[in-house]
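As structure tokens, the structure follows; a few thoughts come after it.
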Amino acid sequence: MKSSLSRAPRSNNERAILSLIRQQQSMPKAQIAKALVLSAQAATVNINKLEEDKLLLRDAPVKGRVGQPSVPFRLNPDGAFSFGLKIGRRRFDLILVDLQSTQRASVSVEVHEASVEELKSFLETHIPKLISQLEPELRSHVCGLGVAMPFDIWQWQAASGSATNTLSQWQNFDLKGYLESQFQFPVYISNDNNAACCAELSLGNPNNYSDFLYVYLGAFLGGAVVINHQLLEGKSGNAGAIGSMLNADREQLLSQCSLLSLQSEFDKLQLGISVYELTDSQFTAHNRLVQPWLEKAAEAISIAMHNSLSLLDMQAVIIDSPLPSKALEQLKQLSIAAFSRLDNRGLRSCDVSLGVCGEKAQSIGSAQLALSHHYF
């Protein structure tokens with residue numbers, strides 16, 4: 001696997017071609033050249049190089065009215081692979097995706113509280129297993145490992161109600177150094193909500209919003225900001241931290257809006273239900289319990305929407321969560337209603353829509369980190 005550590009990113013033109021084809025699924029050479037304002041010769045040279053390196057495949061020729069049939073090109077799913085790792089406060093998720101961002105394999109485990117040693121055991125068991133599921137000739141095509149995790153995870157000990165020092169282990173742990181040494185992959189680490197937003201940018205956003213606030217309701221409330229189709233990370237990669245906004249009682253929004261608080265309600269009643277695997281039927285069956293929590297979460301999200309809209313005047317708010325579809329749709333409607341009850345003088349309304357990746361958003365987004373570094 002050492003060869004993947006020294007793999008150089010593609011040229012700007014090659015990356016533009018790969019990104020365009022990913023967006024359009026397949027395109028002939030002439031259309032690629034026109035869309036990217038490349039000469040026919042430049043398009044041919046770059047596409048031939050990508051095809052030679054097995055990153056592009058030719059589709060069947062398409063006959064037009066006149067002239068020679070055009071040959072569309074598409075991404076070769078076996079051209080590259082990337083691992084994505086989500087480090088949550090109660091859960092580890094590991095996925096392997098191909099160049100088309102299709103999930104090839106995944107494994108998850110719930111933990112009482114994320115610890116360094118549990119993570120090491122999880123990865124050292126499962127990364128070799130997932131690699132072994134690839135054909136031998138494809139195993140060297142793994143280009144890296146992306147990690148999505150809460151920055152300063154040790155600071156969330158009080159918020160999660162923990163009485164142990166498990167999370168404090170992370171403060172002095174060189175995660176990047178450990179991963180690169182142990183697995184010989186280049187490693188890319190991102191705030192978990194920025195990673196989830198990257199997944200929405202790459203695979204979702206069907207309305208093609210150029211500017212939006214991304215809201216992710218996970219263990220705690222978090223978010224990210226997109227301006228001109230680009231993720232705005234801020235000086236420390238923590239832009240969009242809407243959970244840290246204050247409500248009228250000067251409490252952080254994450255204190256009133258978290259899946260951990262819903263899980264606590266389930267646990268008190270000994271329901272044996274994981275909020276990360278909640279189904280529509282379970283949501284309906286326990287609606288009397290979930291409904292007050294949804295209303296409280298919607299109030300917090302509406303405040304985040306209001307504050308963000310006053311600063312950014314964005315086109316939309318996109319809400320995503322591991323919640324099942326019925327609960328997520330209800331959260332959206334409750335958030336819109338809560339926002340309408342606020343004093344909105346001087347603000348322009350924006351669209352509110354739902355994300356497409358759900359529970360896997362942070363994992364999928366983390367896997368995009370290595371692919372984006374090398375190819376897009």
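Throughout, numbering of the chain's residues begins at 1 and tracks the sequence.
A distance of 5.0 Å separates CZ of F220 from CG of L260, quoted to the nearest 0.5 Å. Atom CG in L85 sits 6.5 Å away from atom OG in S366 (nearest 0.5 Å). Rounding to the nearest 0.5 Å places SG of C198 at 5.0 Å from CG of L231. Taking CG from L347 and CG from L309, the interatomic distance works out to 5.0 Å, rounded to the nearest 0.5 Å. How far CG of L201 is from CG of N205: 6.5 Å, rounded to the nearest 0.5 Å. Note: Q252 CD to L254 CG = 5.0 Å, rounded to the nearest 0.5 Å.
Between the side chain of S132 and the backbone N or O of K129 there is at least one donor-acceptor pair closer than 3.5 Å. Between the side chain of S308 and the main chain of M305, no donor-acceptor pair closer than 3.5 Å is present. Distance alone, capped at 3.5 Å, is enough to place a donor-acceptor pair between the H141 side chain and the D78 backbone. Not a single donor-acceptor pair under 3.5 Å links the side chain of S121 to the backbone N or O of E117. Counting only distance, with no hydrogens or angles, the side chain of R58 and the backbone of P72 share no donor-acceptor pair below 3.5 Å. One N or O on the side chain of W293 and one on the backbone of S258 form a donor-acceptor pair closer than 3.5 Å. Between the side chain of D313 and the main chain of R348, no donor-acceptor pair closer than 3.5 Å is present. One N or O on the side chain of N247 and one on the backbone of D249 form a donor-acceptor pair closer than 3.5 Å. The backbone N or O of H373 lies less than 3.5 Å from a partner atom in the side chain of R15, making a donor-acceptor pair. Without hydrogens or angle criteria, D343 side chain to R345 main chain gives a donor-acceptor distance under 3.5 Å.
For the residue pair D211/N228, the side-chain donor-acceptor check at 3.5 Å is not satisfied. Between the side chains of S325 and D280, at least one donor-acceptor pair of N or O atoms lies under 3.5 Å. With no hydrogens or angles considered, a side-chain donor-acceptor pair links E118 and S115 at under 3.5 Å. Looking at S210 and Q315, their side chains do bring a donor and an acceptor atom within 3.5 Å of each other. With no hydrogens or angles considered, no side-chain donor-acceptor pair links Q41 and T44 at under 3.5 Å. Side-chain polar atoms of E329 and Q333 form a donor-acceptor pair below 3.5 angstrom. Donor-acceptor pairing under 3.5 Å is recorded for the side chains of Q263 and D267.
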Before giving the answer on side chain to side chain contact (heavy atoms under 4.5 Å, CB included), spell out for S82 and V142 the whole-Å C-alpha distance, their side-chain angles and the decisive distance to 0.1 Å. CA-CA 5 Å; S82 173; V142 177; over 6 Å; no
E180 and Q184: side-chain hydrogen bond (donor to acceptor under 3.5 Å, both in side chains), yes or no, with the steps? CA-CA 5 Å; E180 291 189 335; Q184 297 297 301; over 6 Å; no
Should K49 and S11 be marked as a side chain to side chain contact (heavy atoms under 4.5 Å, CB included) after you check the CA-CA gap, both sets of side-chain angles, and the distance that decides it? CA-CA 11 Å; K49 176 62 175 171; S11 70; over 6 Å; no
Applying side chain to side chain contact (heavy atoms under 4.5 Å, CB included) to I32 and I21, what does each step give before you reach the verdict? CA-CA 8 Å; I32 293 171; I21 293 175; 3.8 Å; yes
Pair L99, L371 - check side chain to side chain contact (heavy atoms under 4.5 Å, CB included), show working. CA-CA 7 Å; L99 190 60; L371 292 178; 4.2 Å; yes
Between E299 and R341, is the salt bridge (charged side-chain N to carboxylate O under 4.0 Å, His left out) condition met? List the steps. CA-CA 10 Å; E299 292 287 345; R341 294 192 293 268; 2.9 Å; yes
Going through the distances and angles, do R91 and E359 end up as a salt bridge (charged side-chain N to carboxylate O under 4.0 Å, His left out)? CA-CA 11 Å; R91 188 181 181 92; E359 192 267 331; 3.3 Å; yes
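Using bins of under 30°, 30° to 60° and over 60° for the plane-to-plane angle, the ring pair F183/F185 lands in the parallel bin.
Hydrophobic clustering of Ile, Leu, Val, Met, Phe, Trp and Tyr side chains at less than 4.5 Å, counting indirect connections, unites L289 with Y276. Side-chain heavy atoms closer than 4.5 Å link hydrophobic residues (I, L, V, M, F, W, Y) into clusters, and following such links, possibly through other members, connects L311 to F339. In terms of hydrophobic clustering, with Ile, Leu, Val, Met, Phe, Trp and Tyr side chains grouped at heavy-atom distances under 4.5 Å, V215 and L246 are assigned to different clusters. Residues L75 and V97 fall within the same hydrophobic cluster, defined by Ile, Leu, Val, Met, Phe, Trp and Tyr side chains chained together at heavy-atom separations under 4.5 Å. Tracing side-chain contacts under 4.5 Å through hydrophobic residues (I, L, V, M, F, W, Y), one never reaches I242 starting from Y209; they form parts of separate clusters.
Residues E110 and E277 have side chains in contact (heavy-atom distance under 4.5 Å, counting atoms from C-beta outward). Using a 4.5 Å heavy-atom cutoff, the side chains of I273 and H286 are in contact. Put simply, the side chain of L55 does not reach to within 4.5 Å of the side chain of N76, judged on heavy atoms. Taking the side chain as every heavy atom from C-beta outward, I87 and W170 approach each other to under 4.5 Å. Between E200 and V226 the shortest side-chain heavy-atom distance does not fall below 4.5 Å. Contact annotation: the side chain of L20 never approaches that of F376 to less than 4.5 Å [non-hydrogen atoms, C-beta and beyond]. Put simply, the side chain of I47 reaches to within 4.5 Å of the side chain of L56, judged on heavy atoms. Side-chain contact check for Q368 versus I364: some heavy-atom pair is nearer than 4.5 Å.
Atom CD of Q103 sits in a crowded spot, with more than 12 heavy atoms from other residues, nucleotides or ligands closer than 6.0 Å.
Qualifying ring-ring contact (aromatic ring centres under 6.0 Å, His included) partners for H126, counting only residues two or more places apart in sequence or in other chains: F122.
Of all heavy-atom pairs between V356 and G204, the closest is CG2-CA, 3.4 Å. Residues L331 and A297 share a closest heavy-atom pair of CD1-CB, 4.0 Å. Between Y214 and A361 the shortest heavy-atom distance is OH-CB, 3.8 Å. The heavy-atom pair separating K332 from V352 by the smallest distance is CE-O, 3.2 Å. Nearest heavy atoms, L369 versus G146: CD1-CA, 4.0 Å. Of all heavy-atom pairs spanning A239 and G234, the tightest one is CB-N, 3.8 Å.
Stacking of R104 on the aromatic ring of F81 is not recorded, the 6.0 Å distance cut-off and the 45° axial limit not both being met. A cation-pi arrangement is found for K120 relative to Y178, the charged atom lying closer than 6.0 Å to the ring centre and inside a 45° cone about the ring normal.
Under the side-chain contact (heavy atoms from CB on, under 4.5 Å) rule, K86 has a single partner from D93, I95, V147, L94, which is D93.
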